[in-house]
Structure formats: structure tokens, C-alpha cells
J.: 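Here it is: the structure, laid out below.
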Amino acid sequence: MTATLTARRPRSRTGGTGATPAGTSRTGTSAWTPWLYLLPALAVLGALLVYPVYQLGLISFLEYTQAQVSGGEPTSFQGLGNYTALFTDPQFRQVLLATVVFAAACVAGTLAVGCALAVLLTRVRALPRLALMLAALGAWATPAVTGSTVWVFLFDADFGPVNRLLGLGDFSWTYGRYSAFALVLLEVVWCSFPFVMVTVYAGIRAVPTEILEAAALDGASQWRIWRTVTAPLLRPILAVVTIQSVIWDFKVFTQIYVMTNGGGIAGQNLVLNVYAYQQAFASSQYSLGAAIGVVMLLLLLAVTLVYLRLLRRQGEDL
């Protein structure tokens with residue numbers, strides 16, 4: 001007797017052919033289930049982020065000064081008048097350029113120091129690694145006001161030990177524009193590199209050792225192994241730390257305000273965050289301060305989206 005085997009499709013409990021219903025994953029859960037779990041967090045973020053951003057944008061289109069706050073004059077709609085006043089102001093354009101250059105230098109310095117120390121952590125023994133980790137986390141945990149005050153003392157023209165060590169006499173780091181920016185840059189890098197170091201170090205430890213050993217056996221130097229093997233594998237992690245550094249360094253406020261005494265002599269060390277603070281609270285031009293905040297938000301969104309788009313073109317999943 002010849003048995004005929006007939007392949008049959010498995011039936012579902014409802015009597016179907018086993019096809020996944022629309023809106024349902026292969027595990028039997030609805031496609032909306034993850035969003036239900038995220039709903040409480042999204043509600044909190046919406047209350048803490050969306051509404052303030054909406055208010056910021058709304059005020060930027062109004063005439064909102066101390067007169068309107070106190071009720072002495074009615075609030076009037078200005079349209080793009082505040083933005084026109086900003087972009088026709090030479091000081092705003094100068095501050096914007098200084099902010100972009102300063103933030104780019106801070107990001108480059110933070111990534112360079114953080115990645116270099118992350119590689120160093122993989123080369124040293126356990127005790128030096130622990131000491132470096134504790135020192136870095138101590139710098140990371142130091143409040144910005146405290147760290148800025150300590151750095152001002154270290155580089156003080158009269159009592160600072162750095163000037164004595166370098167033989168600079170009574171040289172004032174905060175008097176010149178570029179020396180003041182350099183001093184703030186060093187402090188920003190000092191308090192920011194631990195995040196990059198720890199994150200990149202964790203990523204390096206996750207790289208398979210077989211790949212690194214194969215590259216070393218092929219005669220590749222340590223720099224070439226990092227550039228051609230490790231860095232491409234760490235590209236998603238480097239994207240995260242780069243975006244975070246751009247956001248943090250672009251909106252630096254405390255370090256500039258404390259170390260240059262509110263923006264330096266004649267505002268020579270102003271950045272957008274400090275400039276917005278001066279316009280909104282020192283000059284009571286709240287609508288101009290809000291407009292500067294919107295410009296900063298749009299610039300950060302543009303930089304983030306462009307960077308993510310470039311990574312996706314290279315085939316990276318984020």
C-alpha cells in the first residue's frame with residue numbers, strides 16, 4: 001500500500017490557516033502593546049517637555065516684557081518680529097558663531113579624551129583601572145558650580161597654583177577672550193569626558209576579542225586596530241555620546257557664567273544660553289529670550305537629525 005502524505009497548514013484556534021492577524025505579532029501580542037507600556041512615561045515627558053516647549057514658542061511670537069508681566073500693558077502678537085530683531089542684531093550673530101565654534105571644540109575635546117582613556121582602561125591592570133574610574137566619576141559627579149569655582153581658583157592670577165607651576169606670574173586667564181574660552185573649555189572637558197570614557201569602555205569590552213587578536217596577528221598597529229576595527233563596531237555608541245555631548249556643550253551656561261563672571265569683559269565670552277539669560281532676566285525682554293531658546297532648540301534638532309541620517313546611510317541601526 002502506498003501512503004500519500006499531504007502537507008497541511010496548521011490551523012489556529014479560531015479555525016484559520018495560522019496566518020498572523022493584522023495588528024498582531026508572531027508572539028500573539030498586539031502591535032500596540034509596547035506603546036501601552038510606554039504610555040505612562042510618554043505622558044510624563046509630554047507634561048514636562050511638550051508643554052514648556054509650546055509655551056516657549058508661544059512667548060517668542062509675542063511682545064512679552066516686564067510691562068506685560070506686571071499687567072501694565074496688554075500682550076500683543078509680534079509674529080516673526082522677535083526673530084527678525086535677533087538675526088539683524090550683530091551681537092546675536094557674533095554670539096551664535098562663538099557658541100557653535102566653542103561647542104564644536106568642547107565636543108571634539110571630550111570625545112578625544114574620553115575615547116583615549118577608554119582605550120587606556122583596557123590596557124592597564126585592575127587597580128589602576130579602578131583608581132582612574134573613581135577619579136573620573138568624581139569629576140563627573142562634581143556640581144558644575146563647584147567645579148567651575150575650583151578651576152577659577154586653580155588658574156587665579158594671584159593665588160592660583162597653575163600660574164606658579166607654569167611660571168606665568170600674574171597672568172589673568174579670564175581677561176583675554178580666547179584664554180577665557182580655553183579655560184572654560186578645559187573645565188567642560190574635565191567634567192564631561194567620564195560619560196564618554198565609561199560608555200566607550202563598556203562598548204570596547206563587548207567587542208569580540210577574536211576580531212582584535214586577528215587584526216593584531218595581521219600586523220595592524222593599535223591605532224589602526226582602533227580606526228578600522230574597533231571604531232566601526234562602536235559607531236552606534238559613538239553616535240549616542242556625540243549627540244549627548246553636542247546637546248550638553250551647546251547649551252553650556254554655568255561654566256561660562258561662573259568662570260567669566262557673566263560672559264566676560266564687555267560680553268566677549270557670551271554663548272547663546274548666557275545671552276538668552278541676559279535678554280530674558282537682566283533686560284526683561286522675555287520674548288527675545290524665548291526666541292533665542294527656540295533657535296537653540298531648532299539648531300540642536302537639526303544637528304541631531306543630520307547626524308542620525310548620515311549614520312543610517314552607512315547602514316547603522318540606532
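Residues: numbered from 1 along the sequence shown. From a predicted model like this one, the values you see are computed outputs, not experimental measurements.
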J.: Do side-chain atoms of Asp158 reach the backbone of Asp170 as a donor and acceptor pair under 3.5 angstrom?
T.: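 Absent.
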
J.: Which word best sums up how the rings of Phe155 and Trp173 line up, parallel for under 30°, tilted for 30 to 60°, or perpendicular for over 60°?
T.: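 Because their plane-to-plane angle is over 60°, the rings of Phe155 and Trp173 count as perpendicular.
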
J.: Apply side-chain contact (heavy atoms from CB on, under 4.5 Å) to Leu234 and Trp226, showing your working.
T.: CA-CA 10 Å; Leu234 296 178; Trp226 164 260; 3.8 Å; yes

J.: Kindly indicate, with the supporting measurements, whether the criterion side-chain contact (heavy atoms from CB on, under 4.5 Å) is fulfilled by Phe250 and Val100.
T.: CA-CA 7 Å; Phe250 193 82; Val100 171; 4.1 Å; yes

J.: I need the minimum non-hydrogen distance between Leu86 and Ala291, along with the two atoms involved.
T.: CD1-CB, 3.6 Å

J.: Give a yes or no on whether Asp89 atom CG has more than 12 heavy-atom contacts from other residues, nucleotides or ligands under 6.0 Å away.
T.: yes

J.: Any idea which heavy atoms bring Ala85 and Leu288 closest together, and the distance?
T.: CB-CD2, 4.5 Å

J.: Would you call the rings of Phe181 and Phe102 parallel, tilted or perpendicular, where under 30° means parallel and over 60° means perpendicular?
T.: tilted

J.: I need the Arg93 CZ to Leu97 CG distance, nearest 0.5 Å.
T.: 11.0 Å

J.: Please examine the side chains of Phe92 and Val295, heavy atoms only from C-beta on, and report whether any two atoms are closer than 4.5 Å.
T.: yes

J.: What heavy-atom pair brings Phe159 and Arg164 nearest, and what distance separates the two atoms?
T.: CA-NH2, 4.3 Å

J.: Return the minimal non-hydrogen interatomic distance between Val229 and Ala215, and the atom names on each side.
T.: CG2-CB, 4.2 Å

J.: Could you tell me whether the side chains of Glu63 and Thr65 share a donor-acceptor contact shorter than 3.5 Å?
T.: no

J.: List for me each residue that meets ring pair (Phe, Tyr, Trp, His ring centres under 6.0 Å) alongside Tyr257, sequence neighbours excluded, and say none if there are none.
T.: Phe253, Tyr277

J.: If we only count heavy atoms from C-beta on, is the Leu270 to Gln278 side-chain gap below 4.5 Å?
T.: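 Yes, at least one pair of side-chain atoms sits under 4.5 Å.
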
J.: If you compare all heavy atoms of Ile247 against all heavy atoms of Leu300, which two are closest, and at what distance to 0.1 Å?
T.: CA-CD2, 4.0 Å

J.: Are Asp249 and Thr110 packed together at the side-chain level, in the sense that at least one heavy-atom pair is separated by less than 4.5 angstrom?
T.: yes

J.: What's the verdict on side-chain contact (heavy atoms from CB on, under 4.5 Å) for Leu132 and Leu120, showing C-alpha distance, side-chain angles and the deciding distance?
T.: CA-CA 10 Å; Leu132 180 56; Leu120 178 62; 4.3 Å; yes

J.: Do Leu42 and Trp35 make a side-chain contact, defined as non-hydrogen atoms from C-beta onward lying under 4.5 Å apart?
T.: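 When only atoms from C-beta onward are counted, Trp35 and Leu42 do touch, with a gap below 4.5 Å.
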
J.: What's the spacing between Arg205 CZ and Thr122 OG1 if we round to 0.5 Å?
T.: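 The CZ atom of Arg205 sits 7.5 Å away from the OG1 atom of Thr122.
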
J.: Measure from the side-chain N and O atoms of Ser192 to the backbone N and O of Val189, and report whether any donor-acceptor pair falls under 3.5 Å.
T.: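 Judged by distance alone, no pair lies under 3.5 Å.
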
J.: Heavy atoms only: give me the nearest Tyr83-Ser60 pair and the separation to one decimal.
T.: OH-OG, 2.7 Å

J.: Applying side-chain contact (heavy atoms from CB on, under 4.5 Å) to Leu137 and Val198, what does each step give before you reach the verdict?
T.: CA-CA 9 Å; Leu137 292 178; Val198 173; 4.2 Å; yes

J.: Can Tyr64 and Thr75 be counted as having a side-chain donor-acceptor contact under 3.5 angstrom?
T.: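 Not at all, the side chains of Tyr64 and Thr75 share no donor-acceptor pair under 3.5 Å.
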
